[in-house]
Amino acid sequence: MSLFTITAEAEERFVFEKAEMGLPFRITLFADDEKSARSAADAAFERIAELNGVLSDYDSDSELSRLSRTSGQGKVVPVSTDLWRVLERSQVVAEKTDGAFDITVGPLVNLWRRARRNKAMPTADLLAQMRARVGFKNLRLDPKARTAELLVPEMRLDVGAIAKGYAVDEAIIVLRKHGITRALVGGSGDMAASDAPLYEPGWRIEVASLDVPDAPPPQIIFLANRGIATSGDVFQRVEIGGVRYSHIVDPHTGIGLTDHGLVTIIAPDCMTADSLATAVSVLGPERGLKLIEATPGAVAHLARKPGEKVEFAESKRWLEIPHLPRGDEIPRAQSRAIRPED
Ligand code: AMP
Ligand code: MG
């Protein structure tokens with residue numbers, strides 16, 4: 001007679017939530033005990049807070065804000081490693097999208113924030129004034145010296161379309177350093193996953209649908225060792241004269257997007273997914289999907305309602321991501337690829 005021993009799984013699932021960067025962040029992880037789970041999560045949240053101090057455009061003391069204040073003065077400014085990584089990647093995405101993605105868009109974003117508060121369209125004069133301050137070619141980076149120069153006065157950098165992706169990627173790295181290999185870190189629409197929970201193909205993620213009555217049910221996908229990001233105007237928008245303007249601005253026109261859509265990108269890391277989700281929102285399905293097909297490891301799902309009908313588009317490899325068949329009843333979703341109202 002042989003004796004078999006069955007080892008029970010020692011790992012437990014823990015969930016931690018904390019507001020960082022003005023948004024709710026959630027860390028779900030597997031660890032041997034609460035103490036190690038908590039100290040790893042604390043360190044990950046600390047890293048996100050540190051990045052907020054570098055990248056926030058709300059905090060006038062952040063490194064990003066201080067850099068913005070040097071614009072138009074002929075100042076060449078050395079930047080930290082974190083800021084460098086975000087600036088450098090942003091410029092790559094800007095080049096690839098002919099400026100559809102542009103972190104110098106800050107003056108226009110602020111204009112639309114004000115429009116949202118006042119529920120009034122910006123005047124043509126103001127729009128022209130702000131557009132003159134925007135343009136990624138006015139942000140000059142020197143890779144050797146790791147310096148940045150803002151060439152035009154009154155520029156304002158806004159990394160809101162990429163910083164959360166970078167922050168959740170960095171949180172995953174911190175968790176790994178603490179021995180946590182199965183984790184999901186999410187900051188509203190942006191999530192990064194390391195290894196899957198045991199016996200699962202990945203972390204269950206609900207890919208949000210459009211908030212229209214005829215939209216199909218959300219899809220459930222499984223994410224492991226990748227990032228996912230959702231961009232769109234479902235929650236952040238302003239309605240003026242019956243038209244809805246998104247918080248995402250087309251830098252070429254200066255106008256908030258109006259084609260009511262939701263773009264979900266999965267990529268090898270969340271900084272890539274985050275920046276591409278915003279870029280594809282601006283580019284639209286045709287040019288957007290071309291960009292995704294040309295990006296290694298990236299897939300996209302788009303839902304739009306430009307007129308009466310909801311339209312969908314997917315990149316070729318979207319269905320290679322493990323997922324439940326569409327229309328399946330939604331079981332317990334561990335996280336939602338949607339963003340709360342700001
Ligand atoms: P996301 O939710 O990742 O799509 O990022 C949206 C945020 O990115 C906005 O709230 C703005 O702060 C900023 N943003 C808006 N339009 C653009 C754009 N065309 N390129 C880069 N960032 C943008
Ligand atoms: Mg983004």
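Just so you know, ligand 1 is whichever comes first in the structure, and atom 1 is the first atom listed for that ligand.
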Can you tell me if, anywhere in [X], an N/O/S atom lies at a distance from the Mg ion (ligand 2) that is smaller than 2.8 Å?
X: Thr278; result: yes
X: Ala279; result: no
X: Asp274; result: yes

Below 3.5 angstrom, do we get any N/O pair linking [X] and ligand 1?
X: Thr278; answer: yes
X: Asp158; answer: yes
X: Thr230; answer: no

Under 4.0 Å from a heavy atom of [X]: give me the atoms of ligand 1 that qualify, with their elements.
X: Val282; answer: 19 (N)
X: Gly160; answer: 3 (O), 5 (O), 7 (C), 8 (O)
X: Val105; answer: 14 (N), 17 (C), 22 (N), 23 (C)

**Asked** Does the ring pair (Phe, Tyr, Trp, His ring centres under 6.0 Å) test come out yes or no for Tyr166 and Trp84, once each step is laid out?
**Response** CA-CA 12 Å; Tyr166 180 59; Trp84 178 261; over 10 Å; no
**Asked** Which is closest to atom 16 (N) of ligand 1 in terms of heavy atoms, Leu257, Val159, Val249?
**Response**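 Among Leu257, Val159, Val249, the closest heavy atom to atom 16 (N) of ligand 1 comes from Val249.
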**Prompt:** Just going by heavy-atom distances, which of Ala279, Gly106, Ser231 is nearest to atom 4 (O) of ligand 1?
**Reply:**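 Heavy atom nearest to atom 4 (O) of ligand 1 belongs to Ser231.
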**Prompt:** Quick one: does Ala100 get within less than 4.0 Å of ligand 1, heavy atoms only?
**Reply:**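 Ala100 counts as a contact of ligand 1 under the 4.0 Å cut-off.
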**Asked** Does Pro251 have a non-hydrogen atom less than 4.0 Å from ligand 1?
**Response**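 Yes.
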**Message:** Working to the nearest 0.5 angstrom, can you tell me the gap between Leu51 CG and Arg85 CZ?
**Reply:**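 With rounding to 0.5 Å, CG (Leu51) is 9.5 Å from CZ (Arg85).
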**Asked** So Asn138 and Leu150, side-chain contact (heavy atoms from CB on, under 4.5 Å) or not? Walk me through it.
**Response** CA-CA 6 Å; Asn138 295 327; Leu150 279 64; over 6 Å; no
Taking C-beta and beyond as the side chain, do [X] and [Y] meet within less than 4.5 Å on heavy atoms?
X: Ser36; Y: His178; result: no
X: Val249; Y: Trp112; result: yes
X: Glu63; Y: Val79; result: yes
X: Val76; Y: Asp142; result: no
X: Asp250; Y: Leu257; result: yes
X: Glu20; Y: Asn52; result: no

**Item:** Location of contacts on Ile248 toward ligand 1, heavy atoms closer than 4.0 Å
**Value:**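 Looking at Ile248 and ligand 1, atoms from backbone and side chain both fall under 4.0 Å.
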